Enquirer: 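After the structure tokens below, expect a handful of questions from me.
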Amino acid sequence: MQTKIRLITAFAPQHYRLLLLADPSLRSITSYLANSSAFELIYNRHCIGIIVVQALSPSTIEIMNLAIQPKYQGQHLASHLLQFVIDRYSSNNSYERLEIKTGTTSFEQLYLYQKFGFRCVRILPNYFVNHDLYPEPIYENHLKLQDAIVLERSL
């Protein structure tokens with residue numbers, strides 16, 4: 001599969017559809033999107049994936065969102081986007097750490113991130129029970145999502 005990754009300069013409806021796959025709260029997405037860099041994965045002139053990165057400090061960046069269209073999942077495309085971000089920001093000497101946050105019920109994502117060298121550094125209790133960002137309960141893998149896990153790796 002021949003794909004390319006490019007910077008998103010203007011968000012279109014297909015970008016929001018992808019972002020909502022990984023983060024079901026438009027409020028949450030809009031809270032970080034303006035201060036982030038976003039990249040789209042293009043296949044056959046269509047956006048099939050997205051990754052959003054935000055600087056948390058002069059030495060740390062966080063992946064805020066990573067999503068692949070369901071039709072293309074299971075083809076290592078999320079790995080491709082993760083590796084792209086690791087390579088891109090490793091070459092920038094100012095960043096030392098890369099973080100990502102996910103739900104405690106996000107088993108496939110936890111497996112993927114650990115394959116890429118991410119380690120659990122903290123748990124954020126009741127992160128997804130914040131009614132300002134997540135007014136509706138989130139269920140994943142038949143479990144109610146409540147807590148977030150913060151994972152980190154060196155760049």
Side-chain angles (χ1 to χ4, degrees), residues 5 7-8 11-41 47-90 94-155:
I5 298 171
L7 181 68
I8 299 171
F11 290 93
Q14 74 262 18
H15 297 124
Y16 285 98
R17 283 191 292 275
L18 279 167
L19 291 164
L20 287 164
L21 290 173
D23 186 345
S25 169
L26 194 53
R27 275 190 214 156
S28 173
I29 291 167
T30 56
S31 75
Y32 59 75
L33 213 49
N35 299 317
S36 301
S37 296
F39 303 90
E40 60 185 347
L41 181 67
C47 177
I48 63 167
I50 193 165
I51 191 164
V52 180
V53 181
Q54 182 179 77
L56 298 180
S57 73
S59 63
T60 304
I61 56 171
E62 180 178 354
I63 296 172
M64 305 301 292
N65 196 305
L66 171 59
I68 303 293
Q69 279 185 15
K71 170 179 169 178
Y72 296 100
Q73 291 176 5
Q75 299 179 40
H76 307 287
L77 297 170
S79 295
H80 185 53
L81 283 171
L82 270 175
Q83 192 63 56
F84 168 81
V85 164
I86 291 166
D87 293 345
R88 180 181 180 96
Y89 290 95
S90 291
S94 67
Y95 295 115
E96 300 168 6
R97 285 182 308 283
L98 176 60
E99 287 187 3
I100 194 161
K101 203 180 286 138
T102 195
T104 54
T105 59
S106 305
F107 307 132
E108 288 181 32
Q109 293 87 335
L110 285 166
Y111 176 76
L112 173 66
Y113 303 149
Q114 289 178 79
K115 274 182 26 180
F116 274 83
F118 286 87
R119 308 305 307 157
C120 179
V121 292
R122 65 187 172 281
I123 295 177
L124 305 175
N126 296 316
Y127 181 85
F128 294 102
V129 187
N130 176 343
H131 296 294
D132 291 333
L133 290 179
Y134 301 99
E136 300 295 323
I138 301 169
Y139 289 89
E140 186 176 43
N141 293 314
H142 305 289
L143 298 168
K144 183 178 179 184
L145 178 57
Q146 297 179 75
D147 307 325
I149 296 176
V150 179
L151 299 108
E152 179 181 282
R153 65 159 280 155
S154 296
L155 285 173

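Since we're looking at a predicted model, the values are computed, not measured. Starting from 1, each residue takes its place in the sequence as its number.
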Enquirer: Roughly how far apart are His15 NE2 and Ile8 CD1, rounded to 0.5 Å?
Expert: 4.0 Å
Enquirer: Nearest 0.5 Å, what's the OG-CZ distance between Ser154 and Arg119?
Expert: 12.0 Å
Enquirer: For the CE atom of Met64 and the OG atom of Ser28, what is their distance to the nearest 0.5 Å?
Expert: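 Between atom CE of Met64 and atom OG of Ser28 there are 7.0 Å.
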Enquirer: When you compare the side chain of Ile51 with that of Ile5, does any pair of heavy atoms fall below 4.5 Å?
Expert: no
Enquirer: Is it true that the side chains of Glu140 and Thr105 contain a donor and an acceptor less than 3.5 Å apart?
Expert: yes
Enquirer: Can you list the steps and then say if Thr102 with Phe118 is a side-chain contact (heavy atoms from CB on, under 4.5 Å)?
Expert: CA-CA 12 Å; Thr102 195; Phe118 286 87; over 6 Å; no
Enquirer: Roughly how far, to the nearest 0.5 Å, is OG1 of Thr60 from CD of Glu152?
Expert: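 If I round to the nearest 0.5 Å, the distance is 6.5 Å.
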Enquirer: Can you list the steps and then say if Gln69 with Leu77 is a side-chain contact (heavy atoms from CB on, under 4.5 Å)?
Expert: CA-CA 10 Å; Gln69 279 185 15; Leu77 297 170; over 6 Å; no
Enquirer: So how far is it from Ser59 OG to Leu155 CG, rounded to the nearest 0.5 Å?
Expert: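 If I round to the nearest 0.5 Å, the distance is 10.0 Å.
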Enquirer: Kindly give the heavy-atom pair with the smallest separation between Leu20 and Ile29, and that separation in Å.
Expert: CD2-CD1, 3.7 Å
Enquirer: Hey, which of Lys101, Glu99, Gln114 is the one that makes side-chain contact (heavy atoms from CB on, under 4.5 Å) with Leu151?
Expert: Gln114
Enquirer: If you count the non-hydrogen atoms of other residues, nucleotides and ligands that lie under 6.0 Å from CD in Glu108, is the total more than 12?
Expert: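 It does not: Glu108 CD has 12 such atoms or fewer within range.
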Enquirer: With rounding to the nearest 0.5 angstrom, report the CD1 to CD1 distance, Ile63 to Ile100.
Expert: 4.0 Å
Enquirer: Tell me the closest heavy-atom pair linking Cys47 and Leu18, and the distance in Å.
Expert: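 Looks like SG-CD1, 3.5 Å.
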Enquirer: Decide yes or no for Ile86 and Arg153: does some side-chain heavy atom of the first lie under 4.5 Å from some side-chain heavy atom of the second?
Expert: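 When only atoms from C-beta onward are counted, Arg153 and Ile86 do touch, with a gap below 4.5 Å.
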Enquirer: Quick one: does Arg27's side chain have a donor or acceptor within less than 3.5 Å of a partner on Asp132's backbone?
Expert: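 Checked: pair present.
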Enquirer: Would you indicate whether the side-chain heavy atoms of Val53 and Tyr95 approach each other to under 4.5 Å?
Expert: no
Enquirer: Which pair of non-hydrogen atoms, one from Leu110 and one from Gly103, has the smallest distance, and what is that distance?
Expert: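 Reported closest heavy-atom pair: CD1-O, 4.0 Å.
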Enquirer: Which word best sums up how the rings of Tyr134 and Tyr127 line up, parallel for under 30°, tilted for 30 to 60°, or perpendicular for over 60°?
Expert: tilted
Enquirer: Between Leu81 and Ile68, does a side-chain contact (heavy atoms from CB on, under 4.5 Å) hold up when you go through it step by step?
Expert: CA-CA 10 Å; Leu81 283 171; Ile68 303 293; 3.8 Å; yes
Enquirer: Where do Cys120 and Ile149 come nearest, in terms of heavy atoms and distance?
Expert: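 In terms of heavy atoms, the two residues are closest at SG-CG2, 3.5 Å.
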Enquirer: What's the verdict on side-chain contact (heavy atoms from CB on, under 4.5 Å) for Phe128 and Thr104, showing C-alpha distance, side-chain angles and the deciding distance?
Expert: CA-CA 10 Å; Phe128 294 102; Thr104 54; over 6 Å; no
Enquirer: Taking all non-hydrogen atoms of both residues, which atom of Asp147 and which atom of Asn126 are closest, and how far apart?
Expert: OD1-N, 2.7 Å
Enquirer: Side chains of Tyr32 and Asp23: closer than 4.5 Å at any heavy-atom pair?
Expert: yes
Enquirer: Return the minimal non-hydrogen interatomic distance between Ser37 and Tyr89, and the atom names on each side.
Expert: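 For Ser37 and Tyr89, the tightest heavy-atom pair comes out as CB-OH, 3.9 Å.
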